[in-house]
Amino acid sequence: MTPNPTALRAEILRIAHDSGHGHVPTCFSIVEMLCAVYGVMRHDPARPEWDGRDLFVLSKGHASLAHYVVLGALGYYDPGPVARFGNRGTMFGCHADRLKVPGVEVSTGSLGHGIGLATGMALAEKILGTDRRVYTLVGDGESNEGTVWEAVMVAVDRGLDNLTLLYDDNRSQGRALQIPNPAERLAAFGCDTVGVDGHDVAALTQALTRPARGVRAVVARTVKGKGCRTLEDNMYEWHRKSPDAETLAKLLEELHAPAV
Amino acid sequence: MRRQFRDTVGALAAEDERVVVILGDVSVYQFFAFKQAHPTRFHNMGICEPTLISVTAGMSARGLHPFVHTIAPFLTERCFEQIKLDMGYNRFGGNIVTCGASFDYAWDGATHHAYYDLPLLRLIPGMEVIQPGSEHEVDVLMRSQYANGRPTYFRLSDHPHDLDLGPVRFGEALVLRDEGAPVTVMTAGPLVATVLEGCRDLSVNLVTHHTLKPIDRATVARFRDTAILVVHDGHGLREAINEVGGLRTAYHGLEDDFVGGYGTVHDVRAALGLDPAGIRAAVTRFAEEMS
């Protein structure tokens with residue numbers, strides 16, 4: 001079952017309101033990517049530790065709320081308690097703890113770490129001789145970190161054709177250190193790179209399943225705050241912000257408005 | 001010690017298919033035979049220490065027993081956050097094995113010296129911190145700790161001692177002299193040979209630690225009623241010893257400054273008063289102050 005992206009976004013908004021926390025625009029840019037990845041991965045929500053599973057690492061840990069909502073929709077756990085996101089007593093921190101949340105393979109938060117861990121996991125699977133696949137999702141802002149590029153170099157050098165890098169090109173760094181041509185850069189680093197509309201699940205699925213030589217990179221062109229005009233137009237104001245009740249109603253209305 | 005590391009890891013790899021070696025383009029010549037014997041489990045991954053640690057953690061997550069190795073300051077200080085989060089917070093184990101500390105690269109100056117590695121890594125929950133003094137200690141402690149699922153730091157030196165100081169067991173200090181003296185000297189790592197020489201004709205108790213985390217609190221506490229002088233060519237040991245409350249301790253070693261001299265490890269130690277004469281003078285002075 002593939003979750004409905006609009007319903008997931010509405011859930012993210014409601015939780016951001018209820019909990020008082022959330023990086024909503026960065027969550028909105030990866031909703032379709034998460035749907036596509038979990039659509040192609042071998043995994044079993046009833047058995048998060050199933051030995052036959054593929055692995056997903058959310059390197060841009062700030063988007064944990066989107067990941068929680070998707071895992072909940074897929075049936076990893078009862079999604080209700082995610083509403084306590086970031087509050088006392090919850091297992092759902094604003095950055096995920098793998099020891100607390102079923103389906104989370106790696107605790108991330110500080111940027112530029114998850115991709116290196118995913119590289120180590122993919123190399124381990126090569127050594128162990130399995131056909132397991134490893135997926136990691138990095139942000140463009142995260143890619144200001146040099147360790148992202150270190151890991152890409154190592155992954156390419158080791159020939160990790162079981163590793164897929166999803167790059168969220170939501171241009172979050174428009175006001176700071178921009179990476180205007182990520183597909184060219186990843187290709188120059190040796191990845192088998194394809195660019196795709198990051199809000200098109202079918203296109204993403206195709207990009208994730210087409211044959212690739214070596215490390216597969218999928219550069220997903222996305223919109224920070226995708227689906228809500230207010231968030232799209234004010235992504236810096238909304239980088240880390242919880243909507244009040246009135247704003248929540250307005251954002252839900254924008255979300256459900258027919259596309260123009 | 002690097003040769004011993006090579007031999008011990010080679011022996012472990014022959015028995016345990018989960019042993020993997022990751023190098024940061026250092027000590028490569030030592031591992032030609034390992035590479036021949038286990039080509040898929042040898043990875044000279046380049047000069048990218050933070051990623052070496054992240055990859056180590058990722059391998060550990062998948063059930064392997066990686067040994068990651070390069071020069072101490074780069075693999076510990078530069079990578080502190082990777083060790084803290086990818087290994088420590090994530091509870092992914094692995095073996096970090098360094099060379100160069102404290103002053104094996106004396107001639108290179110402060111960029112290549114390492115005296116903050118031990119206290120930094122001691123801060124990380126679940127971390128094991130080992131400073132072997134001899135090749136025998138490297139062998140015993142590596143074999144006993146490498147596959148226990150915890151992040152473990154082995155700080156190797158190119159200047160080991162070759163003394164037989166008694167049975168080597170993880171987490172247990174070695175009491176070399178217990179004379180009932182009012183002063184106890186505590187040290188760690190290869191420096192113990194120099195400390196023994198400096199204290200040869202002094203009436204002091206003498207303890208050395210190869211395991212800095214967990215520190216052997218019981219043995220430290222046994223000398224609680226003496227005045228303890230910590231003699232060490234790094235930071236970290238005095239903090240570990242003072243986990244035991246109510247001690248009277250002082251420290252002889254580094255100042256709050258970078259070590260600026262060049263030369264050999266012996267030259268740098270002598271400049272710091274960590275040669276036999278300097279240690280003897282420091283212990284004598286301390287004993288007088290405490291009497």
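Within every chain, numbering begins at 1; the chains are lettered A, B, ... in the order of the sequence lines, protein sequences first and strands thereafter.
Heavy-atom contacts from other residues, nucleotides or ligands closer than 6.0 Å to CZ of A/Arg84 number more than 12. Dense packing is recorded around CG of B/Leu123, with more than 12 heavy atoms of other residues, nucleotides or ligands lying under 6.0 Å away. A/Arg42 CZ: more than 12 foreign heavy atoms inside a 6.0 Å radius. Within a 6.0 Å sphere centred on CZ of B/Arg78, other residues, nucleotides and ligands contribute 12 heavy atoms or fewer.
In this structure, the portion of A/Val154 lying under 4.5 Å from any heavy atom of chain B is its side chain and not its backbone. Looking at B/Glu17, there are no atoms closer than 4.5 Å to chain A (heavy atoms on both sides), in backbone or side chain. Neither the backbone nor the side chain of A/Ile115 comes within less than 4.5 Å of any heavy atom in chain B. If you measure heavy-atom distances from B/Ala61 to chain A, the contacts under 4.5 Å come from the side chain alone.
Taking the side chain as every heavy atom from C-beta outward, A/Thr147 and B/Gln82 approach each other to under 4.5 Å. Within the 4.5 Å cutoff, the side chain of A/Leu117 has no heavy atoms near those of the B/Val55 side chain. Side chains of A/Glu150 and B/Pro50 form a contact here, defined as non-hydrogen atoms less than 4.5 Å apart. The side-chain heavy atoms of A/Ile127 and B/Met59, taken from C-beta on, include a pair separated by under 4.5 Å.
Shortest non-hydrogen contact noted between B/Tyr89 and A/Leu99 is O-CD1, 4.4 Å. Looking at every heavy atom in both residues, B/Phe92 comes nearest to A/Glu105 through CZ-O, 3.8 Å.
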Check the pair A/Ser110, B/Glu81 against side-chain contact (heavy atoms from CB on, under 4.5 Å), reporting the backbone distance first and the verdict last.
-> CA-CA 9 Å; A/Ser110 180; B/Glu81 193 186 60; 2.8 Å; yes
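The main-chain N or O of A/Val106 is never found under 3.5 Å from a side-chain atom of B/Asn90 such that the two would form a donor-acceptor pair.
Put simply, of B/Ser54, B/Pro66, B/Ser60, B/Ala57, the one with the most heavy-atom pairs under 4.5 Å next to chain A is B/Ser54. Most heavy-atom pairs under 4.5 Å with chain B: of the set A/Glu125, A/His113, A/Lys126, this distinction falls to A/His113. When each of A/Gly114, A/Ala124, A/Gly109 is checked for heavy-atom pairs under 4.5 Å with chain B, A/Ala124 comes out on top.
In this structure, A/Leu123 CG and B/Leu64 CG are separated by 8.5 Å, a value rounded to the nearest 0.5 Å. B/Arg91 contributes atom CZ, which lies 9.0 Å from atom CZ of A/Arg98 (distance to the nearest 0.5 angstrom).
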